[in-house]
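Worksheet for the structure shown next.
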Number of protein chains: 2
Amino acid sequence: MQERVDEKSVSPLYLRVRDHLAAQIAKGLLTPSTRLPSERILAEEHDTTRVTTRLALAQLEAEGRIYRSNRRGWFVSPPRLIYKPTHDYSFSENVTAQGRVPATETLDVTSTHTNSWLATRTGMAIGDPIVWLRRRRQIDGRPVLVENIYLNPKRLPGIETYNFDRSLWKLLREQYGVELRGKQIEMYPTALVDPQASAIGVTAGTAGLYVTRCSRDADGCFVEFDEEFWLHDALSIQVEVS
Amino acid sequence: MQERVDEKSVSPLYLRVRDHLAAQIAKGLLTPSTRLPSERILAEEHDTTRVTTRLALAQLEAEGRIYRSNRRGWFVSPPRLIYKPTHDYSFSENVTAQGRVPATETLDVTSTHTNSWLATRTGMAIGDPIVWLRRRRQIDGRPVLVENIYLNPKRLPGIETYNFDRSLWKLLREQYGVELRGKQIEMYPTALVDPQASAIGVTAGTAGLYVTRCSRDADGCFVEFDEEFWLHDALSIQVEVS
DNA sequence: TCGCCAAACTGGTCTATACCAGATCAGCGA
DNA sequence: TCGCTGATCTGGTATAGACCAGTTTGGCGA
């Protein structure tokens with residue numbers, strides 16, 4: 001089927017398909033949130049098979065240029081959200097400030113107990129009561145992260161009764177007078193797997209960024225431990241040191 | 001060939017293969033730097049084909065559990081290097097402090113001129129002389145990053161004549177009395193593509209972390225702009241805010 | 001006009017196979 | 001003993017299909 005290109009050392013076909021699509025995105029022929037032609041059509045256009053086409057798409061996905069929406073197709077990625085962990089406290093405010101539309105959904109709120117994994121990270125004792133909150137957050141209608149938040153009910157009595165579909169940071173400040181001071185942040189790239197992958201609506205193995213954040217108030221008292229699973233193409237992190 | 005598992009809703013075969021390998025790693029049957037059985041053997045063991053086996057391996061690679069060495073095989077990933085951009089200055093010292101063996105290779109040193117991309121990031125004027133240094137760095141013999149470093153020859157006269165196969169930070173301090181103060185850091189996950197992918201010896205599309213760092217001395221004078229391309233499974237980033 | 005349902009379409013998973021190119025290694029010859 | 005060489009092993013690239021499971025959509029009927 002494929003006419004043999006007899007020149008030596010041409011790049012592999014799947015990279016040529018990748019470059020062709022990348023050029024169309026760069027030229028503005030394909031813009032954020034537009035759908036790419038289907039895999040079958042792309043395969044036909046390049047005189048190849050779906051397997052090879054999917055290799056090319058996987059390359060662009062890994063670069064963060066396109067993403068897939070489950071069985072709906074491939075889409076051009078929007079710009080990354082700029083996130084400054086040393087400055088930003090509120091997801092909603094940050095997203096809004098960058099001209100985009102945030103949304104937050106509470107998935108689950110549970111009163112439970114500190115396990116050993118949490119204990120070493122928060123300073124709480126094993127067995128201490130703790131409130132476990134799961135949320136999904138979106139930018140312009142696209143889910144970009146799910147998070148597990150663990151709240152200290154000693155410092156935040158009655159916290160489990162509030163509505164969490166808004167800024168947690170505002171809630172803490174307005175209802176509990178908490179001024180967050182210290183934060184320990186850890187992050188590394190990894191794949192999203194279940195249950196996070198299905199919560200965010202992507203296939204297992206999609207590239208992600210894992211971020212944890214432990215926040216304390218002005219007295220050094222543990223307030224909140226946050227575990228975030230981001231889509232890898234959704235954010236860019238900026239840190240300033242002086 | 002494959003005996004049909006007639007239970008409904010069993011997970012896909014490639015995820016079962018993934019989980020089987022992950023369990024072996026967790027149990028310690030496969031330890032860092034040991035080679036996995038070849039794709040053909042794994043396929044045979046699980047009564048499937050190489051294509052499906054490679055899907056499973058790609059999952060584990062995306063999670064950072066295994067990595068591939070070009071045409072040599074798949075290996076279990078070593079622990080991530082902990083990197084604290086707000087504290088750490090020296091790659092070599094940091095790697096050594098974590099009980100591992102660092103190595104640095106200089107790939108290229110060129111005296112060139114500031115382009116517009118660099119100008120907006122460094123504050124230099126377009127056309128200003130600048131020294132471009134490319135290095136590859138290893139941990140325990142495995143290349144984990146390549147970097148482009150741009151040095152300000154006004155602040156660092158004669159810098160291009162030094163040997164760069166050691167800590168640049170020490171060189172700046174000892175030879176030029178530079179005390180780095182301000183740093184602007186930006187990072188996001190993306191795929192490694194050529195020329196960085198081949199410089200690091202991985203296939204194009206391998207997951208990576210892109211990090212840039214702009215350093216200034218105590219007077220606020222631009223000293224160094226660093227652009228790093230890390231393997232995504234090689235590091236974990238920690239930031240402390242107070 | 002509205003709502004439902006079936007067809008068409010999407011990506012998701014999987015088989016079976018082929019050939020290529022670089023890495024490795026055993027064995028042969030100097 | 002050492003170095004070369006070729007066989008063998010590895011992953012890398014590619015074809016040509018198949019069927020499944022959600023999503024979307026167009027048309028039909030109330």
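Keep in mind that the numbers below use all heavy atoms, side chains included, and drop hydrogens, waters and symmetry copies. Per chain, numbering begins at 1; letters A, B, ... match sequence-line order. Just so we're clear, the structure is a prediction, and the values are computed from it rather than from any experiment.
Separating the CG atom of B:L42 from the P atom of D:dG11 is a distance of 8 Å, rounded to the nearest angstrom. Rounded to an integer number of Å, the gap from B:L36 CG to D:dC9 C1' is 16 Å. Atoms CH2 (A:W74) and P (C:dG11) sit 8 Å apart, rounded to a whole Å. We find that OH of A:Y14 is positioned 16 Å from C1' of D:dT15, with the value rounded to whole Å. Whole-Å rounding puts the A:R54 CZ to C:dT15 P distance at 15 Å.
For B:H113, the ring-ring contact (aromatic ring centres under 6.0 Å, His included) criterion is met by no residue, not counting sequence neighbours.
For A:L15 and B:I41, each mapped to the nucleotide of DNA chain D holding its nearest heavy atom, the one lying further toward the 5' end belongs to B:I41.
The number of heavy-atom neighbours closer than 6.0 Å to CD of B:Q98, taken from other residues, nucleotides and ligands shown, is above 12.
Because its NZ or CZ atom is not both nearer than 6.0 Å to the ring centre of A:F91 and within 45° of the ring axis, A:R135 does not count as a cation-pi partner of that residue.
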N/O contacts under 3.5 Å, protein versus nucleotides 4-7 of chain D?
none

Protein and nucleotides 19-23 of chain C: nitrogen or oxygen contacts under 3.5 angstrom:
{"unit_1": "C:dA21", "atom_1": "N3", "unit_2": "B:R71", "atom_2": "NH1", "d": "3.2"}
{"unit_1": "C:dG22", "atom_1": "O4'", "unit_2": "B:R71", "atom_2": "NE", "d": "3.3"}

Can you check nucleotides 6-8 of chain C for protein contacts, nitrogen or oxygen pairs under 3.5 Å, and list what you find?
none

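The pair B:E228-B:R137 does not count as a salt bridge, with every side-chain nitrogen at least 4.0 angstrom from each carboxylate oxygen.
Against DNA chain D, the stretch residues 55-64 of chain A makes no heavy-atom approach under 4.0 Å.
Residues A:P78 and A:R100 are in side-chain contact: their nearest non-hydrogen atoms beyond the backbone lie under 4.5 Å apart. Put simply, the side chain of B:F164 reaches to within 4.5 Å of the side chain of B:V109, judged on heavy atoms. Side-chain contact between B:F75 and B:R142 is absent, with no heavy atoms from C-beta onward closer than 4.5 Å. For the pair B:L21 and B:R65, the minimum side-chain heavy-atom distance is 4.5 Å or more.
For the side-chain hydrogen bond (donor to acceptor under 3.5 Å, both in side chains) with A:R54, the qualifying choice from A:Q59, A:E61, A:E39 is A:E39, the only one to do so.
Aromatic rings from B:W230 and A:Y188 are positioned such that their centres are separated by 6.0 Å or more.
Across all strands, B:S69 comes closer than 4.0 Å to no nucleic acid atom at all (heavy-atom distances).
Listed candidates were D:dT15, C:dA16, C:dT10. Nearest to the side chain of B:T49 is C:dA16.
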Output side-chain donor-acceptor pairs under 3.5 Å for residues 22-38 of chain B, partner residues at least two apart or in another chain, one line each.
{"unit_1": "B:T34", "atom_1": "OG1", "unit_2": "B:T31", "atom_2": "N", "d": "3.2"}
{"unit_1": "B:T34", "atom_1": "OG1", "unit_2": "B:T31", "atom_2": "O", "d": "2.6"}
{"unit_1": "B:S38", "atom_1": "OG", "unit_2": "B:I41", "atom_2": "N", "d": "3.4"}

